[in-house]
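Following: one structure in structure tokens, then a few remarks.
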Amino acid sequence: MNINQNKVVELCYELEVDGEIVDRTTREKPLDFIQGTGSLLKKFEENIEGLTAGSRFSFTLTPEEGYGEVDPDRIIELPKQAFEVNGEIREDLLVPGNTIPMMNNMGGVIPGKILEVSETSVRMDLNSPMAGKTLNFSGEILTVREATEKELKEGLHGEYVHTCCCGHDHDHDGCCGDNEGGCCGGSHDGCGGCH
């Protein structure tokens, strides 16, 4: 069976960046996803389209095809008060080089790397750690099968089903029937704050 839209794919891979392996999955703990649902980089999916179980792959993605170039607008300065928990600033977290989860304006969680800490502010880089990097993927397709109706509706691992801020369970058709805004800001993919 060939990989195409709505097929469940199981694969193992290595990702090499700047001469180092920075990520890998194994046959014992493979990556699985539904092709064509936007869960992986678009160019990654394009490069494995049409392959079958047992096929090996190797390809390179430019920064533009991967996570984009480093965006200087994603390097921000926040007041230290933004890191208060129960009225206290978490100084133990505010160490240059640390990556901490930050909430975006749609309630999604994005990693932020601390660049610099002053007495009153924290400078952070919200770019992906892979921004500006050339990505070299290699691996093997392990299995390919049709996705079930339930998987197409709820996601392979239930990622399309969540409890919204209104307290109701919803599928990926929207929050309270409104995918143009509501508590999800129009994007259920980045709706981490609605749980």
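Starting from 1, each residue takes its place in the sequence as its number. Any value given below was found using the heavy atoms of this structure, including those in side chains, with hydrogens, waters and symmetry copies removed.
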Evaluate whether atom [atom1] of [X] has more than 12 neighbouring non-hydrogen atoms of other residues, nucleotides or ligands under 6.0 angstrom away.
{"X": "K7", "atom1": "NZ", "value": "yes"}
{"X": "E20", "atom1": "CD", "value": "no"}
{"X": "Q81", "atom1": "CD", "value": "yes"}
{"X": "E88", "atom1": "CD", "value": "no"}

Do [X] and [Y] come within less than 4.5 Å of each other through their side chains, counting heavy atoms only?
{"X": "S39", "Y": "I34", "result": "no"}
{"X": "I100", "Y": "F83", "result": "yes"}
{"X": "L31", "Y": "V9", "result": "no"}
{"X": "L61", "Y": "F137", "result": "yes"}
{"X": "P30", "Y": "L11", "result": "no"}
{"X": "V95", "Y": "I114", "result": "no"}
{"X": "Q35", "Y": "V144", "result": "no"}
{"X": "F59", "Y": "I48", "result": "yes"}

Which pair of heavy atoms, one from [X] and one from [Y], lies closest together, and at what distance?
{"X": "L115", "Y": "P96", "value": "O-CB, 3.7 Å"}
{"X": "M1", "Y": "R145", "value": "SD-CA, 3.6 Å"}
{"X": "K43", "Y": "N47", "value": "O-ND2, 2.7 Å"}

>> Before you tell me yes or no, could you show the steps for T37 and Y160 under side-chain contact (heavy atoms from CB on, under 4.5 Å), namely the whole-Å CA-CA distance, both residues' side-chain angles and the distance that decides it to 0.1 Å?
In response: CA-CA 11 Å; T37 59; Y160 301 150; 3.4 Å; yes

Main-chain N/O of [Y] paired with [X] side-chain donor or acceptor, under 3.5 Å:
{"X": "T99", "Y": "K113", "value": "no"}
{"X": "N98", "Y": "L93", "value": "yes"}
{"X": "Q5", "Y": "G36", "value": "yes"}
{"X": "E69", "Y": "P63", "value": "no"}
{"X": "K133", "Y": "Y67", "value": "no"}

Same cluster or not: are [X] and [Y] linked, directly or through other Ile, Leu, Val, Met, Phe, Trp or Tyr residues, by side-chain heavy atoms under 4.5 angstrom apart?
{"X": "V22", "Y": "L135", "answer": "yes"}
{"X": "I110", "Y": "V122", "answer": "yes"}
{"X": "M102", "Y": "M130", "answer": "no"}
{"X": "L126", "Y": "V109", "answer": "no"}

[atom1]/[X] to [atom2]/[Y] distance, rounded to the nearest 0.5 angstrom?
{"X": "K80", "Y": "E119", "atom1": "NZ", "atom2": "CD", "value": "7.0 Å"}
{"X": "E159", "Y": "E151", "atom1": "CD", "atom2": "CD", "value": "9.5 Å"}
{"X": "D32", "Y": "T143", "atom1": "CG", "atom2": "OG1", "value": "8.0 Å"}
{"X": "L40", "Y": "E46", "atom1": "CG", "atom2": "CD", "value": "12.0 Å"}
{"X": "L51", "Y": "R56", "atom1": "CG", "atom2": "CZ", "value": "11.5 Å"}
{"X": "I141", "Y": "F57", "atom1": "CD1", "atom2": "CZ", "value": "5.0 Å"}

>> E65 vs L41, test: side-chain contact (heavy atoms from CB on, under 4.5 Å). Steps then yes/no.
In response: CA-CA 8 Å; E65 295 169 325; L41 293 169; over 6 Å; no

>> Applying salt bridge (charged side-chain N to carboxylate O under 4.0 Å, His left out) to K42 and E45, what does each step give before you reach the verdict?
In response: CA-CA 5 Å; K42 183 178 182 199; E45 290 192 15; over 6 Å; no

>> Checking C12 against T25 for the side-chain contact (heavy atoms from CB on, under 4.5 Å) test, could you report, in this order, the C-alpha distance in whole Å, the side-chain angles of both residues, the deciding distance, and whether it holds?
In response: CA-CA 5 Å; C12 56; T25 63; 3.7 Å; yes

> Are side-chain N/O atoms of N127 and D125 paired as donor and acceptor at under 3.5 Å?
Replying inline: yes

> Are E14 and R24 close enough, and set up right, to give a salt bridge (charged side-chain N to carboxylate O under 4.0 Å, His left out), and what steps lead you there?
Replying inline: CA-CA 4 Å; E14 285 189 344; R24 71 166 39 111; 2.8 Å; yes

>> Testing I76, V70, D71 one by one against R74 for a side chain to side chain contact (heavy atoms under 4.5 Å, CB included), which residue passes?
In response: D71

